[in-house]
Every structure is written in structure tokens, then in C-alpha cells.
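Heads up: the structure comes next, in C-alpha cells.
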Amino acid sequence: MAAELAGKKIIFIVGGPGSGKGTQCERIVAKYGYCHLSSGDLLRAEVASGSERGQELQEIMKRGELVPLETVLAMIRDKMLANTDAKGFLIDGYPREVDQGKQFESSIASATSVLYLDVATETMVQRLIKRGQTSGRADDNEETIRARLNTFEKATAPVVDFYKQQGKLFEIERSVAESSPDDVFAKVCLLFDKL
Ligand SMILES: Nc1ncnc2c1ncn2[C@H]1C[C@H](O)[C@@H](COP(=O)(O)OP(=O)(O)OP(=O)(O)O)O1
Ligand SMILES: Nc1ncnc2c1ncn2[C@H]1C[C@H](O)[C@@H](COP(=O)(O)O)O1
Ligand SMILES: [Mg+2]
């Protein structure tokens with residue numbers, strides 16, 4: 001455990017690709033002032049650095065697969081320790097598998113709560129195809145989107161059940177998660193107002 005992070009609020013943001021994790025995190029940061037760490041953004045920064053490791057990560061991400069747990073956990077840990085003055089952390093896109101959650105909690109700190117956005121597969125596909133027209137993301141193409149959705153179902157869906165059993169899950173149900181970003185955020189605020 002990292003003593004510097006004791007007592008900090010740590011919220012995992014979980015949902016399929018295109019479920020709106022990043023969109024909601026932007027709003028949470030603006031209203032509540034948490035530190036936003038997106039595992040995907042950290043990985044894309046490594047790719048953009050042009051390093052050899054970045055090239056390996058890019059190939060994995062283009063296949064829609066998960067990068068090794070140790071790589072992403074070390075990146076998140078380093079960023080958290082560089083921001084210990086933050087009142088809390090939004091860990092966006094992590095954990096992607098149950099073991100990631102367990103390793104985080106045993107080596108960094110306990111998660112306070114897990115926010116889950118439940119969005120239908122076809123809605124996510126449509127959002128990501130549209131985002132791909134301007135995002136420049138190498139994984140916003142239909143083939144990789146389908147592979148990422150498959151990875152989500154196989155590896156990440158169990159994360160939702162794992163934290164539900166622990167009583168830490170705050171779920172944005174589909175009827176809300178598929179409404180406008182502002183309507184989703186109104187529900188998200190119910191969680192953050194009581195933290
Ligand atoms: N509630 C919403 N209604 C309609 N479009 C939305 C909504 N929320 C987000 N979007 C748009 C914004 C983006 O273009 C796209 C994906 O949202 P985004 O927040 O980037 O998802 P995400 O962070 O979960 O995806 P990824 O896992 O691929 O990073 O959908
Ligand atoms: N937590 C993660 N574990 C493994 N791989 C990850 C993690 N977060 C992101 N990745 C990889 C695999 C994803 O398809 C891409 C893009 O992530 P995103 O959160 O959709 O920006 O990066
Ligand atoms: Mg995102």
C-alpha cells in the first residue's frame with residue numbers, strides 16, 4: 001500500500017468502449033476537482049513517445065486486446081504518486097479484469113467506489129464509429145471496435161459482478177447511460193455528492 005495515498009477517495013470508472021467514461025470524467029473533474037487518470041490516455045502517451053515499448057503497446061491496442069497488467073498498473077501508480085495533493089482520483093478504464101482490481105488494491109490503495117456505465121453494444125459501436133471520424137485513434141475502426149467489445153465482455157464484465165458483491169458498485173442503468181451526457185452526469189452527481 002502507498003502511505004501517501006491513505007484516505008484519498010479513489011473511484012474506478014468502468015464501462016465498455018464508448019460507454020462515456022471519458023466524457024463523464026471531464027464533467028466530474030470540472031465540478032468536483034478530482035485528478036483524472038485514464039489508463040488508455042497513459043498508454044497512448046507512451047505510444048506517442050515513439051519508444052520501443054510504445055510500438056509494442058500500439059500493436060496490442062490495435063488488436064483490441066489488453067496490455068499486460070504490470071505495465072498499466074505501474075503507469076497509474078506513478079501518476080498517482082505524482083499527484084498526492086489531489087483530493088481524490090478517477091481511475092478511468094481500470095480495472096479491465098478482476099486481477100487488475102485486486103493487484104491495485106493490494107499494492108496501491110483500496111477503491112472507495114466503482115462507477116459503471118451500462119450501454120448497449122450497438123450504441124457503443126455507433127458512438128465510436130462517429131468518434132473515429134475525428135479522434136485520430138488507431139483503435140476507432142469497426143474491426144478493432146468489435147474486438148474491444150469482445151474483450152470487454154470476456155475480461156471486464158466480471159469486474160462489475162466482483163464489485164457488486166463487495167457493495168462498491170454504483171451503476172448507471174442503461175436507460176440513463178444512453179441518454180444525453182448531461183442527464184448521465186445528473187445521475188453521476190448522486191454518487192459524488194455523497195462521497
Ligand atoms: N451520453 C452520451 N450520448 C451520446 N454520445 C455520447 C455520450 N457520452 C459520450 N458520447 C460520445 C462522446 C464520444 O464521441 C463517444 C465515446 O465517449 P467517450 O467518453 O470517449 O467514451 P469512453 O471513454 O468510454 O470510450 P473509450 O473506452 O473508447 O475511451 O461517445
Ligand atoms: N486497464 C487496462 N488494462 C489493459 N489494457 C488497457 C487498459 N486500459 C486501456 N488499455 C488498452 C486496451 C484498450 O483497448 C486501449 C484503449 O483504452 P481506452 O480506455 O478505451 O482509451 O488501451
Ligand atoms: Mg476514454
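Atoms considered below: every heavy atom in the structure, side chains included; atoms not considered: hydrogens, waters and symmetry mates. Counting starts at 1 for both ligands and their atoms, in listed order.
For atom 13 (C) of ligand 1, the closest non-hydrogen atom of the protein is Arg131 CD, 3.9 Å. Shortest contact from atom 28 (O) of ligand 1 to any protein heavy atom: Arg148 NH2, 2.6 Å. Of all protein heavy atoms, the one closest to atom 19 (O) of ligand 1 is Thr23 OG1, 2.5 Å.
Remark: distances from the non-hydrogen atoms of Glu26 to ligand 1 are all 4.0 Å or more. Remark: distances from the non-hydrogen atoms of Gly18 to ligand 1 include one below 4.0 Å. For Gly15, the closest heavy-atom approach to ligand 1 does not fall below 4.0 Å. Contact analysis leaves Gly40 out of contact with ligand 1, as no non-hydrogen atom separation drops below 4.0 angstrom. Using a 4.0 Å heavy-atom cutoff, Cys25 is absent from the residues neighbouring ligand 1.
Distance check: Asp99 CG to Phe162 CZ gives 9.5 Å after rounding to the nearest 0.5 Å. How far CD of Glu105 is from NZ of Lys102: 10.5 Å, rounded to the nearest 0.5 Å. Here the OH atom belonging to Tyr116 is positioned 10.5 Å from the NZ atom belonging to Lys21, to the nearest 0.5 angstrom. Here the CG atom belonging to Leu191 is positioned 4.5 Å from the OG atom belonging to Ser113, to the nearest 0.5 angstrom. Considering OG1 of Thr123 and CG of Asp118, their distance stands at 10.0 Å, rounded to 0.5 Å. Expressed to the nearest 0.5 Å, how far CD1 of Ile28 lies from CD1 of Ile13 amounts to 4.5 Å.
For ligand 1, one of its N or O atoms has an N or O atom of Gly20 under 3.5 Å away. Annotation: Arg44 places no N or O atom under 3.5 Å from an N or O atom of ligand 1; distance criterion only. For ligand 1, the polar-atom distance check against Gly22 finds a nitrogen or oxygen pair separated by under 3.5 Å.
For ligand 1, the atoms lying closer than 4.0 Å to a non-hydrogen atom of Gly16 are 24 (O). Near Ser180, the atoms of ligand 1 lying under 4.0 angstrom from a non-hydrogen atom of the residue are 1 (N). Residue contact check: Pro181 has heavy atoms under 4.0 Å from atoms 1 (N), 2 (C), 3 (N), 7 (C) of ligand 1. Listed by atom number, the atoms of ligand 1 under 4.0 Å from Pro17 heavy atoms are 27 (O).
At a heavy-atom distance under 4.0 Å, no atom of Glu178 approaches ligand 1. Contacts of Ser135 with ligand 1, taken as heavy-atom pairs under 4.0 Å, are absent altogether. Residue contacts with ligand 1, taken as heavy atom pairs separated by less than 4.0 Å, involve Ser179 solely via the backbone atoms N, CA, C and O. Using a 4.0 Å cut-off between heavy atoms, Gln24 makes no contact with ligand 1 at all.
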Show me the donor-acceptor pairs within less than 3.5 Å that the side chains of residues 89-97 make with the rest of the protein, sequence neighbours left out.
residue, atom, partner, partner atom, Å
Asp92, OD2, His36, NE2, 2.9
Tyr94, OH, Gln100, O, 2.7
Arg96, NH1, Gly93, O, 2.7

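When the options Lys130, Arg148, Arg146, Lys62 are evaluated for a salt bridge (Lys or Arg N to Asp or Glu O under 4.0 Å) with Asp140, the one that passes is Arg148.
Salt-bridge check for Arg44 with Asp41: passed, with a basic side-chain N closer than 4.0 Å to an acidic carboxylate O.
Checked against the 6.0 Å centroid threshold, Tyr34 and Phe192 count as a close aromatic pair.
Heavy-atom contacts from other residues, nucleotides or ligands closer than 6.0 Å to CD of Glu143 number 12 or fewer. Annotation for Glu122: atom CD counts as buried by contact number, over 12 foreign heavy atoms lying within 6.0 Å. No more than 12 heavy atoms of other residues, nucleotides or ligands sit less than 6.0 Å from atom NZ of Lys79.
Residues of the protein with a heavy atom under 4.0 Å from ligand 2 are Ser39, Gly40, Leu43, Arg44, Met61, Glu65, Leu66, Val67, Val72, Gly93, Tyr94, Arg96, Gln100, Arg137, Asp139, Arg148, listed by chain and number.
Between Leu195 and Ile11 the shortest side-chain heavy-atom distance falls below 4.5 Å.
Donor-acceptor pairing under 3.5 Å is recorded for the side chains of Glu46 and Ser51.
By heavy-atom distance, the residue among Lys21, Arg137, Arg127 lying nearest atom 29 (O) of ligand 1 is Arg137.
Ile108 is connected to Val72 through a chain of hydrophobic side-chain contacts under 4.5 Å among Ile, Leu, Val, Met, Phe, Trp and Tyr, so both are in one cluster.
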